[in-house]
Amino acid sequence: MTADEVRALADGLAQAYARERDVLAQLDAATGDGDHGAGMARGFDRARAATAEIDGDDVGAVLTAAGRGVMSGVGGASGALFASLFLALGAAAAGATTLETEHVVAGCADALSRIARLGRAEIGDKTMLDALAPALDALRAHADDALADALAAAALAAREGAVATVAMCARHGRARYAPEAGVGHVDPGAVSMAILFETWHDVARGGAA
Amino acid sequence: MTADEVRALADGLAQAYARERDVLAQLDAATGDGDHGAGMARGFDRARAATAEIDGDDVGAVLTAAGRGVMSGVGGASGALFASLFLALGAAAAGATTLETEHVVAGCADALSRIARLGRAEIGDKTMLDALAPALDALRAHADDALADALAAAALAAREGAVATVAMCARHGRARYAPEAGVGHVDPGAVSMAILFETWHDVARGGAA
Amino acid sequence: MRKLVNDPDRLVDDMIDGYVAAYGDLVSRGDHPRVVVRRRSKPRGRVGIAIGNGSGHEPIALGWIGAGMLDANAVGEVFAAPPPDLVLEAIRASDRGAGVLLLVSRHAGDVINAEMAVELARAEGLRVEPLLMYDDVSSAPKGREEDRRGAPGTTFVYKVVGARAEEGASLDELVALGSRVRDATRTLAAALAPGVSPLTGRPMFSLPEGEVFLGMGVHGEPGLRSVTSATADELVREMMPEILDDLPFERGDEVLVLVNGMGGTTLMELLVVHRSVAAVLEERGVVPYRPLVGSFVTTQEMAGFSISLCRLDDEIRRAWDAPVRAPFFHRPEEANP
Amino acid sequence: MRKLVNDPDRLVDDMIDGYVAAYGDLVSRGDHPRVVVRRRSKPRGRVGIAIGNGSGHEPIALGWIGAGMLDANAVGEVFAAPPPDLVLEAIRASDRGAGVLLLVSRHAGDVINAEMAVELARAEGLRVEPLLMYDDVSSAPKGREEDRRGAPGTTFVYKVVGARAEEGASLDELVALGSRVRDATRTLAAALAPGVSPLTGRPMFSLPEGEVFLGMGVHGEPGLRSVTSATADELVREMMPEILDDLPFERGDEVLVLVNGMGGTTLMELLVVHRSVAAVLEERGVVPYRPLVGSFVTTQEMAGFSISLCRLDDEIRRAWDAPVRAPFFHRPEEANP
Ligand SMILES: Nc1ncnc2c1ncn2[C@@H]1O[C@H](COP(=O)(O)OP(=O)(O)O)[C@@H](O)[C@H]1O
Ligand SMILES: Nc1ncnc2c1ncn2[C@@H]1O[C@H](COP(=O)(O)OP(=O)(O)O)[C@@H](O)[C@H]1O
Ligand SMILES: [Mg+2]
Ligand SMILES: [Mg+2]
Ligand SMILES: [Mg+2]
Ligand SMILES: [Mg+2]
């Protein structure tokens, strides 16, 4: 992916989260406070603007700009965590003019450990990690493939991971206080993570966002 | 009326206002804040207790004790005004062992001007004065008659006065803020004044309170 | 349970118990259990400041006892003026040999009971002057100011006479000063939803959904008219001319400002309201001085607010700035500006 | 109109506008429009005290900026933790060359954003230590205190570290002191009715009529269980053992006490509640020191209250007594007791 394709990704994500705003809000309302949809929509709108403002063909710089936009725009528990993902990708790809699978594997791996550390969460705690971790496994399994192919596998794995959170007990975030810790409901942050990989795959294979 | 009969009057009034509590509350709720029934019931219960506590056959002293009970027990706009009536009667009859019509005329006349001064109210302003003033006129017309007979006329006049408040505009108290200043509703304080003279007449003619 | 009450008949006593238990370093019960006084009286030779008022509006009155403000408060039943003998106790408790100023918010019950209390006090040889306070522009037309009700703008009177009494002003000076503050003060309220009576557990009045009542009194008495503003700013812009044009407040005037919450309105909202008040003042060239925002004069959890302005002079300004050590009055300034 | 709002998207900005307009002698906007700071910074060489938190709980945080308490507040959206870059601005704004203590009430969003802000600040060469605050006994069992949520008992930490920072305590001392206050504090809340979201205009949760929820969090998160107490006293007596037995507080202990209203509960009721709290403390032989009653940490107009206790030592006591000049924190004592 070129820097402009990363800009297209930011644009695609802004559209996707605007479209899914109400669904995400309802998922969060079921177990948390209902603001996840608005936060993601606002944050990725900022990310799109940030990537449009930054010139040049350094994909790392564009991803970092996206991370800054997410960071200042989302707020709440998930904002800093999604920002961490983009900042880690930006750091992994710093200076490159094409985003390759290896950058994505390295960035996601770094993000996984950062998110787990910041959130004090483990896999299985019913958070966005439960979508990110299987996506990272899939990326690793396809480390030598083209980015679009690796992302196809990651998107599938992320969505499966998100769906699997329905059976988990929340141990972090506000879902922890939901009746039975939210068992029976999917985790909104995990769904947002699945949407992220799905949109990314769409953009990477040249599809419409 | 002897001092013991004045004690019986206090008892009768306590019973009457306890019985009429909800009616008075509703009348006050229509144009004011609805606390008039509770206030009168509480205040005349205190008046009864105060007259029972004071020994001796000085009717003036018993009436003054009743006034103190009303004063500390009713609260709101009407408490001090009803207390003024009993304090004025007590002053007029100070030292006497029988309450005579002349004491009542003098006491009510004094009370009328005190109440008008304290409340800055005039006759026709839709207050308790609109029951007290016709009662005083009737008492004056029967100044040479026995107390029970004078009170019979006063009770009738007070009730008529209370009923006539239905057409008046309130210029004082909370009824002033009622829609159209309460036109169409009787004034609760005037009704309480009518009840007072009716009960007094009952007790004076030796009837059950 | 919608209200935290034990027995409605004991509510006022329970409240006072809880208050003197919490703030016993500042206030205590007087000789009468329904009179609350400073823990340590003001020095002899200073004028006492007393007030009697119905409860249910806290923190006002009860919470403003302390150096720089009130000496004694006679606490009535919920929304009912305290009887004369109780007000008399508050007058006695605040007398330090230089006379007592009795503050009276102009509502029928408060006025009648206060006047009778003044008679009783004078009969005992006490020196006491009542000061009627009225500031609500909605309750009588201009020119009949003395027929208006007391509203949250009375706060300015409490604060200013409280400060000057502490400094040693005489009773005559305080009557003149308090009258001046009152005559320079105007208030208008807007109610959005009723409070719940702690006695009955029921709403105190009803208001059609979406309507705002302008001129609502502190016991829920109606006033001017109902409006349907869409935003806080629109509502404030509807209210401000009624206040500004009544005195009138003019370009260049300096004013004290109080945005008072009625109980059920959040501080977040009151600050949003203050933003609009400040904007209108600026447009009119009226200059605010150290405004106060908060819920000081409440009607249970009634939703709404009032705006009060008081035109300043130097004595009022200095008195506004003077320190207060009451449990619930607070308007600090920088220590060394 | 049930809420006095202009545009929900501008609510936080409007609130800050109204705040700095009213209290401009004490506070002002920092370099970032969502950071509020003291008008005059603390002297150089003193440790700064910063906090980021979601809005909607006023007066807490925003209202506590001033000498003796906070230096800077990063104001998040309603009930949403502010993002890391905003918290970073608050850290920068409170740095006076001796490091910054960043207070963090333990809620997932606040913790995550604060930790990331700390990383960003350190990357800039700033010295900053986060202090996690948790006091809500209902949110995790004894033994897992560090999994509990922040609740209104965090007030004690703000006040105590604020006072000692003003006096010149070092960052290390403040971390130790703040941890000690936190570890000596316990809170339990009871909710009677939900608040209304200023964003949606709808109630934030629902509660069956007549039920009281014990352990409700400051955003309406459920906690322990629901009860149906008939009186304020019964409810307090149900709550106090959960608090007292958790630390435990023992006979002879001296404690700070906070009875905090959630917004929609009147001061009258809070004082009735405090009466029962004081009675239980007396029965247990636990000695209250200068309690505080009022609505300091709110959840819009949610009805209910919380009870917080903090076991005292001499340093904490002196810091509790120290003066504060913040617009909305107030606990005076007699000038010369
Ligand atoms: N401690 C945590 N570690 C990892 N992810 C978390 C944590 N807490 C919350 N999340 C994620 O954040 C999502 C909620 O995000 P959001 O609604 O934006 O924040 P908030 O809970 O502050 O309202 C959850 O669904 C979960 O995936
Ligand atoms: N200024 C006044 N002068 C004479 N009577 C008055 C005045 N104000 C009120 N009242 C009388 O008091 C009655 C109301 O009494 P009450 O409900 O006990 O007092 P409040 O209005 O304080 O609740 C009215 O019906 C009227 O008769
Ligand atoms: Mg959420
Ligand atoms: Mg009444
Ligand atoms: Mg009344
Ligand atoms: Mg949130």
Side-chain angles (χ1 to χ4, degrees), chain C residues 1-6 11 14-15 17-19 21-22 25-26 39-40 55-56 58-59 63 66-67 192-193 198 210 212 229-233 235 259 263-269 271-275 278 290-294 298 300-301 303 305 325-328 330 332-335 337, chain D residues 1-6 11 14-15 17-19 21-22 25-26 39-40 55-56 58-59 63 66-67 192-193 198 210 212 229-233 235 259 263-269 271-275 278 290-294 298 300-301 303 305 325-328 330 332-335 337:
Chain C
M1 180 164 50
R2 174 63 181 79
K3 285 264 175 174
L4 294 154
V5 168
N6 296 314
L11 175 54
D14 284 358
M15 171 179 73
D17 281 351
Y19 183 49
D25 53 334
L26 292 161
R39 187 175 73 88
R40 294 186 324 136
S55 57
E58 292 69 29
L192 280 71
V212 174
S229 307
T231 66
D233 195 56
L235 179 56
V259 173
T265 286
T266 61
L267 180 57
M268 173 171 245
E269 292 165 89
L271 293 169
V272 169
V273 164
H274 179 265
R275 172 178 177 275
R290 298 183 64 237
L292 187 61
V293 182
T298 65
Q300 296 294 305
E301 65 287 84
F305 65 95
R325 297 185 97 83
F328 291 96
H330 184 56
E333 51 179 337
E334 283 276 5
Chain D
M1 180 163 53
R2 174 65 180 78
K3 286 263 175 174
L4 294 153
V5 169
N6 296 313
L11 176 55
D14 284 358
M15 170 178 74
D17 281 350
Y19 183 50
D25 52 335
L26 292 161
R39 188 175 72 89
R40 294 187 322 138
S55 56
E58 293 68 30
L192 279 72
V212 174
S229 307
T231 67
D233 195 57
L235 178 57
V259 173
T265 286
T266 61
L267 180 57
M268 172 170 248
E269 294 165 87
L271 292 168
V272 169
V273 164
H274 179 264
R275 173 179 176 275
R290 300 183 63 240
L292 188 61
V293 181
T298 65
Q300 295 294 305
E301 65 285 87
F305 65 96
R325 297 187 98 84
F328 292 96
H330 184 55
E333 50 177 338
E334 283 275 5

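Every chain is numbered from 1 and lettered A, B, ... according to where its sequence line falls, protein lines coming before strand lines. Source: prediction; values computed, not measured.
Contacts of C/Ala278 with chain D are made by side-chain atoms alone, with heavy-atom separations under 4.5 Å and no backbone atom involved. With a threshold of 4.5 angstrom between heavy atoms, C/Pro59 approaches chain D through its backbone and through its side chain. If you measure heavy-atom distances from D/Ala21 to chain C, the contacts under 4.5 Å come from both the backbone and the side chain. With a threshold of 4.5 angstrom between heavy atoms, C/Val272 approaches chain D through its backbone and through its side chain. Interface residue D/Thr266: only side-chain heavy atoms are found under 4.5 Å from chain C. If you measure heavy-atom distances from D/Ala67 to chain C, you find no contacts under 4.5 Å at all.
Ranking D/Leu11, D/Leu235, D/Leu292, D/Val259 against chain C, the residue ahead of the rest is D/Leu11, based on heavy-atom pairs under 4.5 Å. Here C/Pro327 is the residue among C/Ala193, C/Gly210, C/Pro327, C/Ala303 with the most heavy-atom pairs under 4.5 Å with chain D. Per-residue heavy-atom pair counts under 4.5 Å with chain D were compared for C/Arg290, C/Met268, C/Glu58, and the maximum is reached by C/Met268. Interface remark: of the candidates D/Asp233, D/Leu192, D/Val212, D/Leu192 forms the most heavy-atom pairs closer than 4.5 Å to chain C. Note: D/Ala232 leads D/Gly264, D/Gly56, D/Ala232 in heavy-atom pairs under 4.5 Å with chain C. Heavy-atom pairs under 4.5 Å with chain C were tallied for D/Phe305, D/Phe328, D/Tyr19; the largest tally goes to D/Phe328.
Contact check on C/Asp25 versus C/Arg39 returns no salt bridge, with no Lys/Arg side-chain nitrogen under 4.0 Å from an Asp/Glu carboxylate oxygen.
Listed by chain and residue number, C/Asp14 satisfy the side chain to side chain donor-acceptor pair (under 3.5 Å) test with C/Asn6 (two or more places apart in sequence, or in another chain). Partners of C/Thr265 by side chain to side chain donor-acceptor pair (under 3.5 Å), not counting sequence neighbours: none found.
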Problem set entry | Step-by-step side-chain contact (heavy atoms from CB on, under 4.5 Å) determination, C/Val293 to C/Leu267 | CA-CA 8 Å; C/Val293 182; C/Leu267 180 57; 4.1 Å; yes
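Distance alone, capped at 3.5 Å, is enough to place a donor-acceptor pair between the C/His274 side chain and the D/Gly18 backbone.
Separating the NZ atom in D/Lys3 from the CD atom in D/Gln300 is a distance of 3.5 Å, to the nearest 0.5 Å. Atoms CG and OG, on D/Leu4 and C/Ser229 in that order, are 9.5 Å from each other to the nearest 0.5 Å. Summarising the geometry, atom CD belonging to D/Glu301 is positioned 10.5 Å from atom CD belonging to C/Glu301; distances are rounded to the nearest 0.5 Å.
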